[in-house]
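Every number for a ligand or one of its atoms is a count from 1 in the order of the listing.
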Amino acid sequence: MQIKPFRIEQYFGKYEFTAKYLLSSSDAESHTIQELLDLEPVSHECFLKHRCGYTESPGAPALREVISGMYQGIRPDDILVTAATEEGIFVLYHALLSPGDHVIVETPCYESALEVARSTGAQVSEWRRCYENGWAHDLAALERLIQPNTKIIYVNTPHNPTGLLMSASVFQQVTKLAASRGIIVFCDEVYRELEHDPASRLPAACEIYDRAVSLGSMSKTYGLPGLRLGWLVSKDAEILQRCLEFKYYTTICSSAPSEFLSALALRHREVLVQRNREIVLRNLPLLDSFLCQHSILFEWVKPNASPIGFARFKPQGDVLSFCEDVVKNAGVLLLPGTVYDQPHHIRFGYGRKNMPEALARFSAYLDSCS
Ligand SMILES: Cc1ncc(COP(=O)(O)O)c(C=O)c1O
């Protein structure tokens, strides 16, 4: 298997644990294990007694039960729990694709959605969106990309890096187009439930199309990436079975303590989501007015979901050097768009409690440069 370096993770790996202020994180504010255990009085004792043996490969029954309750018309058997969402991406592509197959990937995107697909030897086409037309989805372009051997269309909503939701009509048309050719829709929904207006939430792809696979995660909306737990959901038993067969070669099963804590957290997810939505709704206007004040440098399509957004960086200079200068001299971590093949952009994150402080540091840095 040949795979390109994961530039997003490389950049974070270099600075995430040394930079004082994170202004580009893709996840919302986290919680301690104590805070999770406090959600249910008996859980502390149960957690201490929880066996650290192997668990069921498709996922612990109690966890699959609670995950299935998050979707309409989905049973526990329609779920495959994965050791992190990242494993879900790896397993799905490698279980289903071979050289000779064709995949369409919505870009810019979280890099593994593109590079893991390429690493299978399948031919990959990008369904590219761009700032210039407001990150619109060009359905005619998608249709032109389809080939007789197209097996999977990957989409991501709410979207990393723009923080934008796909419109309901585009979402329906993508699934309709895929259904008319029997193509699998792989829908990355790791930011689901963090729509800024809950009324704008789309159905999960697995709810509306039998050959769709929805990808879910503990990491983003619920702020629990340290649990390293995700899931694939599909009504297509054969797809899930093939992913399970592949998972036997990657992790066999997920971590028993993580499955316990994830089930607990998801039973109370309204509490976690509400707290994180409040943070996001408090921080986003600050970031938006900051970008307006610095309109000489930035412009963006204001996000409507998730804790991230993607601003265009107007100066002609090198955005990577700019971000490295900011992190080295102000201790503020930004993510340069180069890691998304979007050199004139910067990803911002506004899901952390101390985001106003990080923004103030960045603002002071810009003042010191002018
Ligand atoms: C859109 C998207 N999908 C998947 C992942 C992987 O998530 P996890 O850290 O839960 O493996 C990420 C992480 O940043 C992401 O942004």
As a quick check of understanding, evaluate salt bridge (Lys or Arg N to Asp or Glu O under 4.0 Å) for Lys220 and Asp27, giving each step before the final call.
CA-CA 4 Å; Lys220 311 295 179 184; Asp27 50 352; over 6 Å; no
Residues pairing under ring-ring contact (aromatic ring centres under 6.0 Å, His included) where one sits in residues 3-23, two or more places apart or in two chains, turn out to be Phe6-Tyr110, Tyr11-Tyr15
Between Ser200 and Glu195, do the side chains contain a donor N or O and an acceptor N or O under 3.5 Å apart?
no
Charged N to carboxylate O below 4.0 Å: is that the case for Glu270 and Arg277?
no
Remaining members of Met166's ILVMFWY cluster at a side-chain heavy-atom cut-off under 4.5 Å?
Ile104, Trp127, Leu139, Leu142, Leu145, Ile146, Ile153, Val155, Leu165, Val170, Phe171, Val174, Leu177, Ile183, Val185, Leu202, Ile208, Tyr209
Under 3.5 Å, side-chain donor or acceptor atoms of residues 284-293 against the rest of the protein: list the pairs with distances, not counting sequence neighbours.
unit_1	atom_1	unit_2	atom_2	d
Asp288	OD1	Trp300	NE1	2.9
Ser289	OG	Pro285	O	3.2
Ser289	OG	Leu286	O	3.3

If you look at each N/O of ligand 1, which protein N/O atoms lie under 3.5 Å away, and at what distance?
unit_1	atom_1	unit_2	atom_2	d
ligand 1	3 (N)	Asp188	OD2	2.7
ligand 1	9 (O)	Arg228	NH1	3.2
ligand 1	9 (O)	Arg228	NH2	3.3
ligand 1	10 (O)	Thr85	OG1	2.6
ligand 1	10 (O)	Ser217	OG	3.1
ligand 1	10 (O)	Ser219	OG	2.6
ligand 1	11 (O)	Thr85	N	3.2
ligand 1	11 (O)	Glu86	N	2.9
ligand 1	11 (O)	Arg228	NH2	3.1
ligand 1	14 (O)	Lys220	NZ	2.5
ligand 1	16 (O)	Asn160	ND2	2.7

